[in-house]
Every structure is written in C-alpha cells, then in structure tokens.
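This one's a predicted model, so the numbers in the text were calculated from it and none came from an experiment.
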Amino acid sequence: MTLDLSATSRPEDLVPEDLIPASTAASLVHVDAKTIKNWIKAGDLRGWLVNGRHYRVRRSEVLSLVQPVAAVSGDR
C-alpha cells in the first residue's frame, strides 16, 4: 500500500497537531461521543481514524462548531 502525497496536500493537513479523541471533543461541546463520530461519518466534521478504531478530530474544528445564537423574543 502506498500513500499518495500530492502537491496539493499540506503537512498540517496530514498530521494535525491539535488532535483530540472523540470523547474529549464531545465533552467540549456537550454532546455524546457517538454524535461526534456521526458528524465525521456524515462529513460535517473532519476526523481521522487511528489504528482503525480510534477517532480523532482537531480541537479547533470542534470549537468552531460553537456559534452564538440570537436571543428569541421572550428568552431572558
């Protein structure tokens, strides 16, 4: 098996330095680890599979999922 490292690949895309386990990512955004895995499988979150069974995601990408919401009238 060979790994194609095309000219369009950047080193930071191949081995991100801020990888965290799915369980840690889940706790950061208050969801279940299975939700993180589902987001990866759906393409909503970029992730890496380590040793064929351990999901990792970039901490910065998980935190970018957290967005402020506009207040709904009546909420205070």
Side-chain angles (χ1 to χ4, degrees):
M1 180 175 176
T2 61
L3 179 61
D4 179 22
L5 300 177
S6 66
T8 59
S9 296
R10 300 179 312 189
E12 61 271 16
D13 288 338
L14 297 173
V15 185
E17 294 181 12
D18 65 341
L19 288 182
I20 58 174
S23 58
T24 303
S27 67
L28 286 174
V29 292
H30 302 286
V31 297
D32 192 84
K34 189 156 186 105
T35 301
I36 296 292
K37 293 174 189 175
N38 288 338
W39 288 345
I40 293 169
K41 291 175 185 177
D44 298 328
L45 180 64
R46 188 166 44 163
W48 287 262
L49 195 55
V50 179
N51 291 331
R53 57 188 245 196
H54 300 286
Y55 285 91
R56 300 288 188 265
V57 294
R58 276 189 173 152
R59 175 186 219 82
S60 57
E61 287 188 30
V62 172
L63 293 176
S64 72
L65 295 173
V66 179
Q67 301 281 331
V69 295
V72 178
S73 77
D75 282 352
R76 293 201 184 230

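Glu61 CD to Leu19 CG: the interatomic distance, rounded to the nearest 0.5 Å, is 9.5 Å. Taking OG1 of Thr35 as the start and CG of Asp44 as the end, the distance is 11.5 Å to the nearest 0.5 Å. With rounding to the nearest 0.5 Å, the separation of CG in Asp18 from CG in Leu63 is 9.0 Å.
At least one side-chain heavy atom of Ile40 sits under 4.5 Å from a side-chain heavy atom of Tyr55. When side chains are defined from C-beta on, Leu28 counts as touching Ile20, because their heavy atoms get closer than 4.5 Å.
Contact detail for Ser23 and Ala33: the closest heavy-atom pair is CA-CB, 4.0 Å. Nearest heavy-atom pair, Val57 versus Arg46, reported as atom, atom and distance to 0.1 Å: CG1-O, 3.7 Å.
Transitive grouping of hydrophobic side chains (ILVMFWY, heavy atoms separated by less than 4.5 Å) brings Leu45 and Leu49 into a common cluster.
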